[in-house]
Amino acid sequence: MPKTIFNTTEKSNFILNMKTEEYQNYLLKILTGYLILMPLFCIPLEFFKIYSVPGIAFSIIGVLAMVFTLIGFMKQVTSKSLYLPAALLGGMVIWGIVSLINSYYYDVSLVGSDGRNEGLLSVVFYGCIFLLGAQLGTEQNQRKLLDAMLWFGLAQCVWAMLQALPIGMPSYYQNLEPMLLFRVFLPSGLTGSPIFLAILLVMLSVPAMMGAAFAEEKKKRIFYCICAAVFVLMAVKTQCVLGVCGSALAILGFAVYALIKRGGKQALTKFAAVLAAFVLGIGWIYVSPSMNGLFSRNTGKETAVENSISLYDGGIIWEDGSYRLSVSGYYVSRGTNNPNGHFVIEDIVDSYGYLWRGTLGIIKRFPLVGSGPDSLVYPQMYQHREIMSNPNAFDRCYNYYLHLAGTLGIPALVLYLALIGIVVFRGGKSCKKGNWLHAGIYGAVLMYLLMMVIGASSITTAPIFWMLAGILMTDRKTTAETK
């Protein structure tokens with residue numbers, strides 16, 4: 001007799017008796033589905049400001065990931081090597097429930113604020129996406145998923161290119177009201193923020209560069225080279241620290257790897273291509289003020305801004321949180337009683353320092369349970385119950401590690417770091433034994449973790465990281481048996 005779940009229906013028979021290869025193909029379709037659904041569902045947000053739509057796409061994929069994660073454990077397809085990472089993720093969820101119980105608003109902490117959607121459920125969804133990525137099985141499936149990610153990145157770049165040109169494409173970053181700058185035309189793609197776009201493109205540029213130099217097929221090498229060059233160009237044009245410095249670091253890492261692996265002339269030409277894209281991006285930044293007609297109202301008058309290489313991290317952060325989503329307070333340079341003090345939004349170091357100091361203060365107040373998932377702004381409401389009426393309040397720390405401790409508490413951060421430690425360790429072993437694919441994925445994961453020192457998680461970019469991190473956890477014995 002075939003197996004059943006609690007002696008129920010034929011559909012249950014299908015679930016428990018599907019072949020391992022079929023199960024892995026379903027996982028590939030689910031993860032690829034995210035790459036299709038998320039950008040499509042972000043389009044209404046760009047045109048009609050319907051903030052909840054991206055969260056619907058995230059929830060659809062998250063629920064499917066949960067279902068198939070449970071199926072994997074029931075069918076005993078899930079490798080025993082994933083039990084410890086799964087336990088750590090389970091510990092984060094359990095502690096997240098404790099944090100939610102002690103949070104300001106249960107509904108916000110459960111599903112996240114409107115437009116962010118990174119409440120407790122996101123921890124569950126990210127964990128399941130991670131476990132699905134770890135169970136893709138064959139290297140062929142991993143390559144298919146990576147190629148889908150690169151097409152996803154190219155689609156983001158096409159949209160971002162239209163936003164970056166002064167042609168009237170709808171964009172929240174045509175102006176930076178917190179800095180009183182107008183006609184800036186910063187690209188954000190369909191990620192929600194130029195900083196999120198930079199994180200995505202820098203992360204994906206690493207495996208693209210590796211593939212451009214070391215992929216077996218010529219057609220693939222050309223495709224990967226185009227991806228790498230376009231990703232670097234548009235990442236730099238986001239005009240944030242992560243876009244410029246992250247791209248430079250990714251190119252440097254690729255150069256070191258190519259030298260170690262003796263990539264020769266083929267690697268050298270690809271290095272020249274991405275370096276040219278980087279230089280072109282810097283040049284584009286420099287001429288943007290005159291090309292866009294950029295002007296400032298800081299003096300009360302419309303003053304043309306001269307050509308220069310400028311980064312706008314502070315303005316992007318408050319444009320995103322305050323003007324785009326209304327989940328943080330307005331920026332006020334002086335005259336506010338905010339207990340975190342004042343900062344100069346044009347000063348990048350001062351802007352990030354202000355966010356970190358404020359978050360450290362919240363961690364000191366709530367070291368164990370934090371403020372609650374996706375609830376960092378609420379401890380900062382010092383003069384009114386409305387978020388917007390608390391100038392300089394912020395909802396993202398832009399240091400993910402501090403943000404995690406500030407929202408879920410220090411125990412959650414410890415569990416997360418333990419999980420990441422396992423991923424980095426096992427991924428390093430896999431990288432040594434594997435080919436350019438494993439090296440590229442490992443580099444992408446390391447780059448993301450490094451960027452999170454001044455970066456923030458987002459449902460439009462973070463699932464890509466969790467998929468790649470999961471691939472690093474793939475049991476090579478299982479992969480060999482499935483081939």
Side-chain angles (χ1 to χ4, degrees), residues 52 55 58-59 62-63 65-66 69 84-131 321 325 327-329 339-340 355-382 385 387 390 393-423 449 452-453 455-459 461-463 465-466 469:
S52 60
F58 184 49
S59 298
V63 170
M66 287 176 60
T69 297
L84 178 55
L88 291 171
L89 287 164
M92 288 184 66
V93 173
I94 292 170
W95 196 256
I97 294 172
V98 175
S99 178
L100 182 148
I101 293 171
N102 291 274
S103 66
Y104 286 75
Y105 301 103
Y106 292 165
D107 54 343
V108 172
S109 290
L110 179 62
V111 300
S113 56
D114 201 15
R116 296 293 192 197
N117 301 107
E118 283 205 312
L120 179 61
L121 282 178
S122 73
V123 180
V124 179
F125 293 161
Y126 288 150
C128 292
I129 288 171
F130 168 81
L131 293 173
L325 296 178
V327 291
S328 67
N340 295 325
L355 298 171
W356 298 347
R357 289 193 305 272
T359 305
L360 284 171
I362 293 171
I363 294 172
K364 289 179 181 178
R365 289 172 60 188
F366 312 107
L368 292 179
V369 297
S371 62
D374 214 17
S375 301
L376 195 67
V377 70
Y378 296 113
Q380 304 170 58
M381 297 172 70
Y382 60 95
R385 291 181 63 86
I387 293 174
N390 295 274
F394 55 89
D395 80 310
R396 286 289 180 274
C397 174
Y398 285 86
N399 176 316
Y400 181 66
Y401 308 102
L402 288 180
H403 181 86
L404 190 59
T407 53
L408 294 181
I410 294 175
L413 175 61
V414 173
L415 290 169
Y416 176 78
L417 292 177
L419 173 64
I420 293 306
I422 294 172
V423 170
L449 294 173
M452 285 300 102
V453 173
S457 176
S458 165
I459 63 171
T461 58
F465 161 74
W466 287 104

Could you grab the distance from atom [atom1] of [X] to atom [atom2] of [Y], nearest 0.5 Å is fine?
{"X": "Arg396", "Y": "Arg116", "atom1": "CZ", "atom2": "CZ", "value": "5.0 Å"}
{"X": "Asp107", "Y": "Leu100", "atom1": "CG", "atom2": "CG", "value": "9.0 Å"}
{"X": "Arg385", "Y": "Asn390", "atom1": "CZ", "atom2": "CG", "value": "11.0 Å"}
{"X": "Leu408", "Y": "Ile97", "atom1": "CG", "atom2": "CD1", "value": "11.5 Å"}
{"X": "Tyr398", "Y": "Leu355", "atom1": "OH", "atom2": "CG", "value": "8.5 Å"}
{"X": "Thr359", "Y": "Leu376", "atom1": "OG1", "atom2": "CG", "value": "5.0 Å"}

Quick one: do Phe465 and Leu449 satisfy side-chain contact (heavy atoms from CB on, under 4.5 Å)? Show the steps, please.
CA-CA 9 Å; Phe465 161 74; Leu449 294 173; 3.8 Å; yes
Would you say the side chain of Phe394 lies within less than 4.5 Å of the side chain of Asn340, judging by non-hydrogen atoms?
yes
Taking the side chain as C-beta and beyond, is there a heavy-atom pair between Phe125 and Pro463 under 4.5 Å?
no
Test side-chain hydrogen bond (donor to acceptor under 3.5 Å, both in side chains) applied to Thr69 - qualifying residues, sequence neighbours left out:
none
Nearest atoms (heavy-atom pairs only) where [X] meets [Y]:
{"X": "Trp95", "Y": "Leu368", "result": "NE1-O, 2.8 Å"}
{"X": "Val423", "Y": "Phe130", "result": "CG2-CE1, 3.8 Å"}
{"X": "Ser99", "Y": "Gly372", "result": "OG-CA, 3.3 Å"}
{"X": "Ala393", "Y": "Gln380", "result": "CA-OE1, 3.4 Å"}
{"X": "Gly321", "Y": "Ser328", "result": "C-OG, 3.1 Å"}
{"X": "Ala405", "Y": "Ile363", "result": "CB-CD1, 3.7 Å"}

Treating [X] as the side-chain partner and [Y] as the backbone partner, does any N or O pair qualify as donor plus acceptor under 3.5 Å?
{"X": "Asp395", "Y": "Val377", "result": "no"}
{"X": "Asn399", "Y": "Leu402", "result": "yes"}
{"X": "Ser109", "Y": "Tyr106", "result": "no"}

For [X], give me all partners under side chain to side chain contact (heavy atoms under 4.5 Å, CB included), at least two apart in sequence or on another chain.
{"X": "Tyr378", "result": "Tyr104, Tyr105, Val108, Ser375, Met381, Ile387"}
{"X": "Asn117", "result": "Ile459"}
{"X": "Ser457", "result": "Glu118, Tyr126, Tyr400, Tyr448, Ala462"}
{"X": "Asp114", "result": "Tyr51, Ser52"}

Asp374-Ser113 side chain donor-acceptor pair, cut-off 3.5 Å
yes
Let me know which of Asn102, Ile101, Ile410 forms a side-chain contact (heavy atoms from CB on, under 4.5 Å) with Val369.
Asn102
In terms of the angle between their ring planes, are Tyr416 and Tyr401 parallel, tilted or perpendicular, with boundaries placed at 30° and 60°?
tilted
Side-chain atoms of residues 84-91: list all donor-acceptor pairs with protein atoms under 3.5 Å, sequence neighbours left out, distances to 0.1 Å.
none

